[in-house]
> 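One structure, pasted below without further comment.
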Amino acid sequence: MELISGLPEDVARDCLIRVPYEKFAAVASVCKGWNSEIYSPEFHRRRRTTKHAQKILVTVQSKIDSEKTRTGLLAKASANPVYRLSVFEPETGIWSELPLGPELASGLPMFCQIAGVGYELVVLGGWDPESWKASNSVFIYNFLSAKWRRGADMPGGPRTFFACASDQNQTVYVAGGHDEEKNALKSALAYDVANDVWVALPDMSRERDECKAVFRRGALSVVGGYCTEMQGRFEKSAEVFDVATWKWGPVEEEFLDAAACPRTCVDGGDGAEGEMYMCRGGDVVVLRGDTWRRVAKVPSEIRNVACVGVWEETMFVIGSSGFGEPHMGFVLDLKNGAWAKVASPEEYTGHLQSSCILEI
């Protein structure tokens, strides 16, 4: 059976790899041939090698009540936010919202973490939006089928403010955070998304609450955080887990050149292997080798940075001027240091908790 009547197979495949990601489910439902093609590993390989894969920024963002915004009640409404998944497409500037499954009908868990693995988005942990109880739940959205499924719960019970990172292909890593008794944790886990299997990693050398995880150079870097006794006084240290040897390296005590919340740390993206970026003290800084260097100033409109993403010599930053104020986005050209403001519809200016980048 021909993929597209009257066209050679290679030409038909060249047509299908140009399908926008949001149309995958519809295209796959047309016929068995298209379904097999969309779900085949070769389809995804061709899509990436031919530069037709789309990069998207997915964020956990609060919904905006336009009426409350107009009457000046935005800050008050922020006290009981409902979170959803917002999607930004850098190439088109389009914002959209992902549908939530039946189990998430009341909104995403507060303080949940998200990670992208292949063509799937993984939502981990957080507080139940109705009971505010910490959860170890896992939910997975598949961009090919446009459907949700429940994953195996994180072992070891609920944890909050943990670090989360993905190798983009198969595995999500979780490290640190704190348990229900507010005790900081040094345990770490690896989740095989396709096989729905959790595996315990060796413990880190120390407890790390509110740390940040970045996957780079084939290893998991866990940055900063603090132990139970420190209660919010962040460390400058980091430690790296080598996936190949299944071992943690020695603690790098002076990994950050200043103690700060590491939540804005991100890997350097395409074309910048081994680099790490973060926003700190009003500056964008980059780690090259063993040295942090200033790249640019954060736009003056942003005092609180909520989200940072890097891809193809471009940085995307979302933040606000203060509590209860609308969130806005800026794009930095890392080659020339020039910023450009992103047009954000009002409904996509709500408070942002976490984010990740997918290439699909």
> Between M278 and L287, is there a side-chain heavy-atom distance shorter than 4.5 Å?
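L287 does not reach M278 side chain to side chain.
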> Could you measure the distance from the OG atom of S166 to the CG atom of L121? Nearest 0.5 Å is fine.
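Rounded to the nearest 0.5 Å, the OG-CG separation comes to 10.0 Å.
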> Roughly how far apart are S40 OG and R13 CZ, rounded to 0.5 Å?
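CZ of R13 is found 7.5 Å from OG of S40.
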> Write out all pairs satisfying salt bridge (charged side-chain N to carboxylate O under 4.0 Å, His left out) with one or both partners inside residues 280-300, taking only residues at least two apart or from two chains.
D257-R280, E275-R288, D283-R294, D283-K297
> Quick one: do the D196 and Y191 side chains pair a donor with an acceptor below 3.5 Å?
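Present: a donor and an acceptor within the cut-off.
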> Can you name the side chain to side chain donor-acceptor pair (under 3.5 Å) partners of H178, sequence neighbours left out?
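Scan of H178 (side chain to side chain donor-acceptor pair (under 3.5 Å), adjacent residues dropped) gives D209.
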> Restricting to non-hydrogen atoms, name the atom on A152 and the atom on V138 that form the minimum distance, rounded to 0.1 Å.
O-CG2, 3.3 Å
> With the side chain counted from C-beta on, respond yes when Y348 and T59 share a heavy-atom pair under 4.5 Å apart, and no when they do not.
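A side-chain contact is absent here, since even the closest heavy-atom pair is not under 4.5 Å.
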> Show, in sequence, the C-alpha distance, side-chain angles and deciding distance for R46 and D14, and conclude whether the salt bridge (charged side-chain N to carboxylate O under 4.0 Å, His left out) test is met.
CA-CA 9 Å; R46 286 168 57 89; D14 281 344; 2.7 Å; yes
> Shared ILVMFWY cluster between L358 and V60, side chains joined below 4.5 angstrom?
yes
> State, with a plain yes or no, whether a side-chain heavy atom of V222 is found less than 4.5 Å away from one of W248.
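With C-beta onward as the side chain, the pair touches.
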> Which pairs with one or both residues in residues 223-233 pass side chain to side chain donor-acceptor pair (under 3.5 Å), sequence neighbours excluded?
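Listed by first then second residue: E207-T228, E210-Y226.
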> Drop me the distance from F88's CZ to I318's CD1, to the nearest 0.5 angstrom.
8.0 Å
> Angle between ring planes, W148 versus Y141, binned at 30° and 60°: parallel, tilted or perpendicular?
tilted
> Which heavy atom in F162 sits nearest to a heavy atom in G176, and how many Å separate them?
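Taking F162 first and G176 second, the nearest heavy atoms are CB-O, 3.4 Å.
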> Give me the ring orientation class for W127 and F161: parallel if the planes are under 30° apart, tilted from 30 to 60°, perpendicular past 60°.
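Correct class here is tilted.
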> Taking the side chain as every heavy atom from C-beta outward, state whether V295 and M315 have any pair of such atoms under 4.5 Å apart.
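Side-chain contact under 4.5 Å: no.
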> Which is it for E359 and W311 under the side chain to side chain contact (heavy atoms under 4.5 Å, CB included) test, yes or no, and what are the steps along the way?
CA-CA 10 Å; E359 184 178 18; W311 61 85; over 6 Å; no
> Drop me the distance from S321's OG to E301's CD, to the nearest 0.5 angstrom.
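Output value for this atom pair is 9.0 Å.
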> Would you say the side chain of P109 lies within less than 4.5 Å of the side chain of L104, judging by non-hydrogen atoms?
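With C-beta onward as the side chain, the pair touches.
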> Under the criterion salt bridge (charged side-chain N to carboxylate O under 4.0 Å, His left out), I'd like the reasoning laid out for E235 against R206: C-alpha separation, chi angles, the key distance, then a yes or no.
CA-CA 11 Å; E235 295 188 18; R206 61 186 64 172; 2.9 Å; yes
> Do you know which of V266, V331, V310 makes side chain to side chain contact (heavy atoms under 4.5 Å, CB included) with F316?
V331
> Minimum heavy-atom separation for N304 and F323, please, with both atom names.
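Shortest heavy-atom contact: ND2-N, 4.2 Å.
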> Can you list everything that forms a side chain to side chain donor-acceptor pair (under 3.5 Å) with E180? Sequence neighbours excluded, please.
none
> With sequence neighbours left out, what residues match R47 under salt bridge (Lys or Arg N to Asp or Glu O under 4.0 Å)?
none
> To the nearest 0.5 Å, what is the distance between CG on D153 and OG on S137?
6.5 Å
> Tell me, with the steps shown, if L108 and L100 meet side chain to side chain contact (heavy atoms under 4.5 Å, CB included).
CA-CA 8 Å; L108 292 170; L100 297 181; 3.9 Å; yes
> Classify the ring geometry of Y119 against H44: parallel below 30°, tilted from 30° to 60°, perpendicular beyond 60°.
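Ring orientation of Y119 relative to H44: tilted.
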> Taking 4.0 angstrom as the limit, do R303 and E325 come out as a salt bridge?
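E325 and R303: not salt-bridged.
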> Please name the pair of heavy atoms, one in L3 and one in A12, separated by the smallest distance, quoted to 0.1 Å.
CB-CB, 3.7 Å
> Relative to the ring of F241, is the ring of Y173 parallel (under 30°), tilted (30 to 60°) or perpendicular (over 60°)?
tilted
> Would you say the side chain of V284 lies within less than 4.5 Å of the side chain of W339, judging by non-hydrogen atoms?
yes
> Are the side chains of M328 and S344 in touch, meaning some heavy atoms are under 4.5 Å apart?
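The answer is no, as the side chains (C-beta and beyond) never meet within the 4.5 Å cut-off.
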> Which pairs pass salt bridge (charged side-chain N to carboxylate O under 4.0 Å, His left out) with one or both residues in residues 91-107, sequence neighbours excluded?
R84-E97, E103-R150
> OG1/T264 to NZ/K212 distance, rounded to the nearest 0.5 angstrom?
7.0 Å
> Evaluate I140 against R149 for side chain to side chain contact (heavy atoms under 4.5 Å, CB included), listing each step before the verdict.
CA-CA 5 Å; I140 303 160; R149 71 178 187 272; 3.7 Å; yes
> More than 12 heavy atoms of other residues, nucleotides or ligands under 6.0 Å from NZ of K63: yes or no?
no
> Decide side chain to side chain contact (heavy atoms under 4.5 Å, CB included) for R159 and L189; before the verdict, give the C-alpha distance in whole Å, the side-chain angles of both, and the deciding distance to 0.1 Å.
CA-CA 12 Å; R159 67 171 74 203; L189 305 163; 3.9 Å; yes
